[in-house]
Each structure stands twice: as C-alpha cells, then as structure tokens.
J.: 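One structure, pasted below without further comment.
Basis for what follows: all heavy atoms, side chains included, without hydrogens, waters or symmetry-related copies.
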Amino acid sequence: MTTTPHRPQTATHSAPTTTREQARTVGVAAGRAFAVLRIAFGLTFLWAFVDKVFGLGYATPAGKGWLDGGDPTAGFLGKGAKGPFESFYHSLVGDFWVTPLFMIGLAGIGLALTLGIGMRIAAVAGTLLYLMMWAAALPPTTNPVIDDHILGAITLITLALVAAGNVWGLGRGWNKVELVQRYPWLR
C-alpha cells in the first residue's frame with residue numbers, strides 16, 4: 001500500500017464570512033433599502049404638496065394651484081369621492097379647514113419622511129391620510145381587497161417600526177433631542 005504525502009491546499013478564495021458578519025451585511029443592506037423607500041415616499045408627499053401649491057400641470061392643472069386661488073381638495077372630494085362615504089366627503093368641500101389641514105399634512109409627512117425625523121407621527125398621519133383617500137373611493141377599481149393606498153399605509157407603518165430615519169436621515173440626532181427623549185411618540 002502506498003501513501004501519498006499530505007500536501008497543504010492553497011486557498012483560492014477568501015474564508016467564508018461568519019454568521020454575524022452575514023447578518024451585519026444583511027442588516028446594512030436592509031437599512032439602506034428602507035432608507036431609499038423612506039426617501040422615495042417622502043418625495044412623493046412633497047411633490048404632491050408642491051404640485052398642488054403651484055399647479056404645475058401634473059395632478060393639478062396649470063393655473064389651478066393653491067396660489068392661483070384653486071382648491072386642491074375640492075375636485076377630489078367633490079367629484080372623485082364615491083361609494084358608501086360619498087356624502088361625507090362631499091360635505092367637506094369648501095370647509096375652511098380642509099385644504100389647509102390637507103396641505104400641512106402633505107408637507108409635514110413629506111418632510112418628516114425625507115429627513116428621517118418624526119417617523120412615528122409621519123406614519124400615523126400618513127396612514128390616516130391614505131385610509132381616508134382609500135375610503136373616499138370605495139370599492140377600489142383595480143382590486144376589491146387592496147390598493148396602493150393600503151400598501152402606502154402598510155409601508156409607512158413599517159418604516160416607522162424599523163426606525164428607517166436612522167439610515168441616511170437625521171433620525172439618530174433627532175432621537176437625542178431632549179424633547180423627543182421625554183416624549184418618545186415624537187420619534
């Protein structure tokens with residue numbers, strides 16, 4: 001019986017990463033993905049605000065912006081609302097508080113998400129806004145169970161739960177503010 005001498009094998013690739021390193025890599029990637037999602041949603045709210053203020057010809061026709069004397073909520077509430085809550089939404093058209101509250105909501109949610117601060121407030125306010133817009137046009141036209149408003153609400157809640165403002169945002173610094181530490185719901 002012959003034996004072959006033991007030859008050390010040369011490494012042709014790097015050593016496998018540990019489970020901890022893999023988890024950290026996944027965590028970093030997930031944090032970045034949530035940050036991109038947060039910023040994208042923030043910019044959609046900010047864009048809606050800017051378009052409705054200036055009437056840039058996208059969702060709001062040119063010359064019909066808020067600064068031109070247009071009412072950003074009247075068209076949707078007056079003509080777009082249908083379904084079981086139609087009369088409720090029609091009754092809101094022209095109320096002095098509806099448009100300013102809607103516009104403050106768009107700007108506030110958009111800024112909070114884009115900057116990564118006040119994620120809990122943004123998630124609650126955004127979810128409420130999404131659910132109200134969903135309820136204004138029941139039943140949904142493309143899917144009887146779920147639509148983009150429900151998906152948006154779920155996304156905002158998820159972004160707040162994972163503290164998405166801490167990556168590529170001002171969330172970590174915001175959370176160190178004394179007022180925010182005293183009242184955690186401001187995170």
J.: Test of understanding: with side chain to side chain donor-acceptor pair (under 3.5 Å), list the residues that count as partners of R20, not counting sequence neighbours.
T.: none
J.: With a 4.5 Å limit on heavy-atom distance, are the side chains of L115 and W174 in contact?
T.: no
J.: Test side-chain contact (heavy atoms from CB on, under 4.5 Å) on Q181 and N175 and set out the steps.
T.: CA-CA 6 Å; Q181 288 181 343; N175 294 338; over 6 Å; no
J.: To the nearest 0.5 Å, what is the distance between CE on M132 and CZ on F85?
T.: 10.5 Å
J.: When clusters are formed from ILVMFWY side-chain contacts under 4.5 Å, directly or step by step, what else is grouped with V26?
T.: none
J.: Side-chain contact test, heavy atoms from C-beta onward, threshold under 4.5 Å: evaluate it for I154 versus T127 and give yes or no.
T.: no
J.: Can you see which heavy atom on L77 is nearest to which on A81, and at what distance?
T.: O-CB, 3.5 Å
J.: Which heavy-atom pair separates G80 from A137 by the least distance, and what is that distance?
T.: O-CB, 4.4 Å
J.: Search all heavy atoms of W134 against all heavy atoms of D147 and return the closest pair with its distance.
T.: CD1-OD1, 3.2 Å
J.: With hydrophobic residues grouped by side-chain heavy-atom distances under 4.5 Å, do L111 and L101 end up in a single group?
T.: no
J.: Quick one: closest heavy-atom pair of W97 and L92, and the distance?
T.: CZ2-CD2, 4.0 Å
J.: Hey, could you give me each pair passing side-chain hydrogen bond (donor to acceptor under 3.5 Å, both in side chains) that has a residue in residues 68-79? Not counting sequence neighbours.
T.: D71-T73, D71-T99, T73-T99
J.: Centroid-to-centroid, F34 to F41, below 6.0 Å?
T.: no
J.: Are I157 and V162 connected into the same hydrophobic cluster when the rule is that any two of I, L, V, M, F, W, Y join if their side-chain heavy atoms are below 4.5 Å apart?
T.: no
J.: Show, in sequence, the C-alpha distance, side-chain angles and deciding distance for W185 and V124, and conclude whether the side-chain contact (heavy atoms from CB on, under 4.5 Å) test is met.
T.: CA-CA 10 Å; W185 59 269; V124 169; over 6 Å; no
J.: Are W168 and R38 packed together at the side-chain level, in the sense that at least one heavy-atom pair is separated by less than 4.5 angstrom?
T.: yes
J.: Applying salt bridge (charged side-chain N to carboxylate O under 4.0 Å, His left out), which residue pairs with at least one partner in residues 177-187 are found, sequence neighbours left out?
T.: E178-R182
J.: Check for me, please, whether L46 and L67 land in the same ILVMFWY cluster - side-chain distances under 4.5 Å, paths through other members count.
T.: no
J.: Can you name the residues that form a side chain to side chain contact (heavy atoms under 4.5 Å, CB included) with L56, not counting sequence neighbours?
T.: W47, V50, D51, F54, Y58
J.: Would L128 end up clustered with L151 when hydrophobic side chains under 4.5 Å apart are linked, directly or stepwise?
T.: yes
J.: What heavy-atom pair brings P72 and G70 nearest, and what distance separates the two atoms?
T.: CD-O, 3.5 Å
J.: Do you know the tightest heavy-atom contact between G165 and M119?
T.: N-CG, 4.1 Å
J.: Taking the side chain as every heavy atom from C-beta outward, state whether P140 and L138 have any atom pair closer than 4.5 Å.
T.: yes
J.: Run the side chain to side chain donor-acceptor pair (under 3.5 Å) test against E86 and tell me which residues pass, sequence neighbours left out.
T.: H90
J.: Please say yes or no: joined through hydrophobic side-chain contacts below 4.5 Å, possibly via intermediate residues, are L156 and I121 part of one cluster?
T.: no
